[in-house]
Amino acid sequence: MAVIRIHEIIERLLIYDPQADADLVNKAYVWSATLHKGQLRASGLPYLSHPLEVAGILTELRLNAPGICAGLLHDTLEDSSTTLEELHREFGKEIAGLVDGVTKISMISRASRPQAQAENFRKMILAMAEDLRVILIKLADRLHNMRTIDYLPEARRFRMAEETLEIYAPLASRLGIYWIKSDLEDLSFRILKPDLYFRLVKQVAQIHRAQQAGIEEVQSVLGQKLAAAGIEAQVEGRHKPFYSIYHKMETHKLSLDQVHDLVAFRILCQTIRECYEALYVIHSFWAPVPGRIKDYIALPKPNMYQSLHTTVIGPGGQRVEIQIRTQEMHLVAEFGIAAHWRYKEGGALAPEADDKTLGFVKRLVELQKELHDPHQFLESVKSDLFPDEVFVFTPKGDLRELPKGATPIDFAFSIHSAIGCQCAGARVNGRIVPLNYNLQSGETVEIITSRDAHPVKAWLDLAKTAQARNKIQHWLHGREVGSSEELGRQILEADLLRYNIHLDRAIKSGVLGRVAKQFKFTDHQKLLQAIGYGKFPHRKVLARMVPHDRLRRQRLAGPPSAKRKAPAQAPAEPTLPEGGLVLQGFDDPLIEFGACCSPLPGDEIVAFTKEGQGVEVHRPQCARAREADPDRLLPVHWGERVKGIRTVTIEVLCADRPGLLAQMGGAISEAHGNISRALVRTTDDQKAVNTFEVEVKSAGQLRRMIKKLEKIEGVISVERLKA
Ligand code: MN
């Protein structure tokens, strides 16, 4: 087999990118040749044939020059003496970064992983590759390795085919690169189920031979009828890939002759209008099979695929499957994301700047509105491709999914709270890292524990996951509870001593316990904690334990206790008697909701004690909450009974268009919100910023309101202002 030559690669590159740096590609080629010198492929060919073929495949995906260079160099980090620094020096950050990304992916997939985690691995690969070209290079690499798989020993063949079917073919599918997906599937199918594969190949060939005349007839009838209707279109017959046939037979329990789309016809038109006209023309001479018409033009698939599909009863009563699309849609169908996105200088993936593609995305959103929530749709496309997660391994190779920015603290608590609470340090890929280290996908993390280690306040800033934060807070609060109990004990003890009452004895005899119950505390510890926190005036306890006349005498002589800690003012009436807020350990706390962030029932909330004056409740992202001393944090959550109305501020960015304000007002009142203030300001670029102060009862209500606002045509974004 002839290996593609470098000048052919450069020729192809210059066709779609005339400005491409051919010298750089040549240099990458020379480097790759030198570095792989003397190495052989399993096929016996010089190793260089592999990076050349990979680069050749990449020209079919129309990668730019740096992408092609990275394709030529993709195995040098792993299989030669060069280093990342050297590549960086010789080829710059972009190319070195791409090669590094491809190498990292190879490292992960080399280790054997349980099948159930295939989906996670696909996500991980997507997450790791901040530059989509890394995945395209990896797919090209895998495609060429699969094409030459016969030279490998059987065991390796099997494993590689399995991995390809589980990880790489679905990746290609998710990116919409149809031809790579079906090539990878068929190549894997042949290795994994050779008997089935070869039998199917033979049977399909027989059917095709038998149907050849029919296929040609369909093709020529379609061509003539469309031409007669004045539609300029290209008609082609396409053989369904073997793995797709097999998959269809398996999932629908069909025999081969029940699969009607062994050959599908494809009609490529010039315009969308002609696509619909073509559909109409075809249905006028061949009857459509009911329920088989699919309009993926109006409702594209999430990977951007667009086409009209129909099945008709063709010549001789045969079912005929037909796909109709424009040339542009065809490009997307074959090349997926690679067709519609191009790469910004510096390697970051960016949507094409020209209006055509932005228009395409907008149209997509527009069309999706009919069936789905467009924001959800975009969000799902985005999160499919760029999950905000990192995937790391335990030393045993188990996978942990953590949010981006997670630290070893999060990892430690994700394993076990005991490990988290004794976390003294961490090793990442064998190297000691600080606890504020940001974990990266693919890393192996090992936690160093110590009996002496324990959570400290600063960890709350390091922890990204709610799980870790809760456990740290819980631990710190446990200490706080202990110390507030101690403080309460001291306060009470000193005062009781003035009346010759010993606190210890009052506790042992159960006197304090009874007093606690009179005040609706479950036990005397809770009472002491409340006193220590300043939540409960200790004088009330004195009044129950000391005879009144003695108390009065003492009061005339001056306050019974010196000014210690001063937690003992009688609490004022709570600003909002919230039956709906549950604060652990306190029955009737004095609660103040931060006006800065106005937390709503249903919002995530944090509470902390204000010394001697009750409890403040804020949303966690509020600056006040972030500045609060973590030692004063209290566990808090919303109860079931929720009352009270609060005001929140939302900002709506929309087109500057008459009537929109009225629509927005309508949406807000539809969600039972009450506008207490509205402010509209227009911007230079024909937009309007509307600031609404709205009275709402719950976070759920606010969410519904925001959804309604977002649905209004012309509304660009809706945001709840933080503070
Ligand atoms: Mn390779």
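Order of listing sets the numbers, starting from 1, for every ligand and every atom in it. Keep in mind that what you see is a predicted model, and the values were worked out from it rather than measured.
Asp141 contributes OD1 as its N, O or S atom closest to the Mn ion (ligand 1). Minimum-distance N/O/S atom of Asp75 relative to the Mn ion (ligand 1): OD2.
The Mn ion (ligand 1) has an N, O or S atom of His74 closer than 2.8 Å.
Salt-bridge formation is detected for the pair Arg142/Glu163: a Lys NZ or Arg NE/NH1/NH2 atom is positioned less than 4.0 Å from an Asp or Glu carboxylate oxygen. The pair Lys240-Glu321 does not meet the salt-bridge criterion, since no charged nitrogen lies less than 4.0 angstrom from a carboxylate oxygen.
Annotation for His208: atom NE2 counts as buried by contact number, over 12 foreign heavy atoms lying within 6.0 Å.
Evaluation of the salt bridge (Lys or Arg N to Asp or Glu O under 4.0 Å) rule for Asp17 yields no partner, not counting sequence neighbours.
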